[in-house]
Peer 1: 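Provided herewith is a single structure, encoded as structure tokens, for subsequent inquiry.
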2 protein chains.
Amino acid sequence: MKTRPSAATDEPIPPHVVLGCAACAACQPRLCEAVARAAQSLLQNVAVELPQSVHLITAKRVVHWGEDLHDVVPVICEGWGASVTTLSDGSRQILSILLPGDMVSMAFLFDADAECTVEAITDVRYRAFSRNDLKARLLADADSFAKFLNASVEEKGRADQLIADLGRRTAEERIARLIFNLKSRLRRRGMLQTETLEMDFPLRRHHIADATGLSPVHVSKVLSTLRQSGVVRIGDGSLRVLDRERLRHIALM
Amino acid sequence: MKTRPSAATDEPIPPHVVLGCAACAACQPRLCEAVARAAQSLLQNVAVELPQSVHLITAKRVVHWGEDLHDVVPVICEGWGASVTTLSDGSRQILSILLPGDMVSMAFLFDADAECTVEAITDVRYRAFSRNDLKARLLADADSFAKFLNASVEEKGRADQLIADLGRRTAEERIARLIFNLKSRLRRRGMLQTETLEMDFPLRRHHIADATGLSPVHVSKVLSTLRQSGVVRIGDGSLRVLDRERLRHIALM
DNA sequence: CGGTGTCTTGAATACCATCAAGTCTTGTGG
DNA sequence: CCACAAGACTTGATGGTATTCAAGACACCG
């Protein structure tokens with residue numbers, strides 16, 4: 001299931017094309033659905049779905065939120081993204097891989113001046129909520145609010161995990177953990193073939209390198225050993241876990 | 001200004017000893033004060049200060065929050081702490097240095113099952129709010145709520161910075177940045193002597209190592225070069241920045 | 001006074017980065 | 001259809017950064 005770059009770049013999608021997030025099968029945390037429900041109970045209006053707020057980013061494109069776009073809270077509907085920081089020397093660090101259903105960053109909800117740059121790994125469809133709108137709705141619906149706060153805590157938890165990984169673990173461990181974590185997150189979203197343990201895997205070597213704090217060449221070497229020892233099969237935009245126990249053992253999980 | 005281990009260990013302090021956080025000069029973010037104000041306007045009762053909720057942890061002691069203590073939100077009143085994760089192989093990673101005025105972790109506010117282990121670097125005095133109590137008060141006072149959310153966003157921001165540091169920067173850069181960041185945070189709290197650029201610095205070599213993902217011996221070597229090149233003077237529980245510009249240059253800030 | 005804990009410094013080693021050459025694929029234009 | 005260029009990946013050689021091991025200095029304390 002390959003995603004090809006399309007011609008459109010970050011344009012609003014016509015309302016009739018949008019399905020609404022209640023129909024978004026990939027949206028496991030169902031943040032959009034929660035907001036839709038909140039709007040419903042608040043306004044007694046089922047039709048409020050903010051369809052004009054869905055946007056596309058084509059693969060490899062980088063979007064910087066902040067300044068102009070600072071009153072918007074983006075939630076990924078489809079595709080893979082990466083929250084990235086670029087250092088002064090030009091090297092990059094991926095803070096988080098963004099999967100369907102993820103809020104790009106909790107900071108947008110709480111902080112009007114939040115900044116964040118995201119790279120689209122595949123084509124990405126995302127929903128941009130108006131910040132003030134969303135806040136008002138969440139404050140009116142404690143249940144939806146709790147969902148967003150949980151997502152926030154989870155985001156921080158994964159950040160803390162990554163800190164421990166980068167600070168104290170070897171290259172093989174970091175990469176195995178990245179794969180293992182992505183597998184878990186995709187499974188929760190129903191995006192993992194549970195019998196074959198196969199999943200979409202659009203990450204290039206340099207993405208893995210930027211996510212694990214390694215060089216692309218070393219990532220390549222580590223993946224070679226993982227492949228040769230029969231732990232995973234990786235290629236063609238998909239990844240298959242062949243030896244689940246061994247992977248878990250290497251990932252220390 | 002050295003902090004010496006006292007005999008008491010994590011015991012409630014008698015109410016008459018407690019000053020209340022409005023008097024806590026170090027509390028720059030004034031979270032406690034915000035809560036006190038919220039309680040005041042909510043209950044029309046100036047005396048509500050929860051004095052029985054202030055506790056002491058003696059230096060080097062480790063406290064694990066979770067399970068039994070899971071309905072409590074701790075805020076540091078005095079002393080330095082460290083939020084720590086211990087890996088399966090026994091190595092440690094410091095996620096965050098906790099200074100007076102810091103909430104130990106935002107997760108406690110939002111997630112009833114949050115876990116977190118904290119090591120007291122010096123003797124630490126902290127205030128333990130009842131979670132449900134605090135939440136009720138914050139929901140009633142939007143202003144205080146905003147303060148806590150800001151603290152949450154800042155906490156996440158520092159975590160992201162640390163990820164980039166551990167993933168992509170050299171030992172010297174990491175240590176210089178740690179010092180620089182601590183200096184900034186202490187300055188905001190009025191805990192930095194602004195003329196001499198001197199500050200309390202109770203971190204041992206192994207604390208710096210655990211915070212930067214390095215080994216204690218290498219920390220020692222890097223600090224030697226920083227000392228010999230006249231950037232900082234460090235010892236006796238305090239640190240003095242001798243060459244502010246050079247430090248900032250090394251820290252890339 | 002020996003014991004313990006912290007720090008320092010040097011030497012040997014491990015891990016990973018960088019450099020470089022080569023393969024394979026993909027896309028482009030002749 | 002083929003030649004060519006560009007990009008992604010692989011693999012080996014070399015070197016740098018940080019770890020580990022080890023020994024010694026120093027302060028503190030019972």
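Note that the coordinates shown come from a computational prediction; the quantities given were computed from them, not determined experimentally. Throughout, a chain's letter reflects where its sequence line sits, starting with A, and its residues are numbered from 1.
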Peer 1: Return the OG to CG distance between B/Ser105 and B/Leu98, rounded to the nearest 0.5 Å.
Peer 2: 9.0 Å

Peer 1: Just distance, no hydrogens or angles: give the donor-acceptor pairs under 3.5 Å from side chains in residues 203-210 of chain B, sequence neighbours left out.
Peer 2:
residue  : atom : partner  : partner atom : Å
B/His207 : ND1  : B/Arg204 : N            : 3.0
B/His207 : NE2  : B/Glu119 : OE2          : 3.1
B/Asp210 : OD1  : A/Arg168 : NH2          : 2.9
B/Asp210 : OD2  : B/Arg92  : NE           : 3.1
B/Asp210 : OD2  : B/Arg92  : NH2          : 3.3

Peer 1: Please state how far atom CG in B/Leu223 lies from atom C1' in C/dT9, giving the value in whole angstrom units.
Peer 2: 14 Å

Peer 1: Just jot down the side-chain contact (heavy atoms from CB on, under 4.5 Å) partners of A/Arg248, sequence neighbours excluded, or say none.
Peer 2: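 A/Arg248 satisfies side-chain contact (heavy atoms from CB on, under 4.5 Å) with A/Phe180, A/Arg244, A/Glu245, A/Met253 only.
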
Peer 1: Distance check needed: C/dG5 P versus B/His206 NE2, whole Å only.
Peer 2: 12 Å

Peer 1: Between C/dT6 atom P and B/Asp236 atom CG, what is the distance in whole Å?
Peer 2: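 These atoms are roughly 16 Å apart.
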
Peer 1: For B/Ile208 and C/dC7, what is the distance between atoms CD1 and C1' respectively, to the nearest whole Å?
Peer 2: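 The answer, rounded to whole Å, is 12 Å.
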
Peer 1: Please check if the side chain of A/Ser229 supplies one atom and the backbone of A/Thr225 the other of a donor-acceptor pair under 3.5 Å.
Peer 2: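 Such a contact is found between A/Ser229 side chain and A/Thr225 backbone.
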
Peer 1: Side chains of B/Arg233 and B/Glu198, heavy atoms from C-beta outward: is any pair under 4.5 Å?
Peer 2: yes

Peer 1: Just how far, in rounded Å, is P of D/dC9 from CG of A/Leu226?
Peer 2: 16 Å

Peer 1: B/Arg204 has an atom CZ; how far is it from atom C1' of C/dT8, in whole Å?
Peer 2: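 The distance from CZ of B/Arg204 to C1' of C/dT8 comes to 14 Å, rounded to the nearest Å.
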
Peer 1: If the cut-off is 4.0 Å, is B/Arg227 near the phosphate of C/dT8, judged by side-chain N/O to OP1 or OP2?
Peer 2: yes

Peer 1: Heavy-atom count around B/His64 NE2 within 6.0 Å, excluding the residue itself: above 12?
Peer 2: yes

Peer 1: Measuring to OP1 and OP2 of D/dT11, would you say a side-chain N or O of A/Ser224 lies under 4.0 angstrom away?
Peer 2: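 True: A/Ser224 side-chain N/O within range (under 4.0 Å) of D/dT11 OP1/OP2.
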
Peer 1: Protein within reach of the bases, or only the backbone? For nucleotides 12-27 of chain D, mark each nucleotide 5' to 3' as B, S or -, using heavy atoms under 4.0 Å.
Peer 2: BB----SBBB------

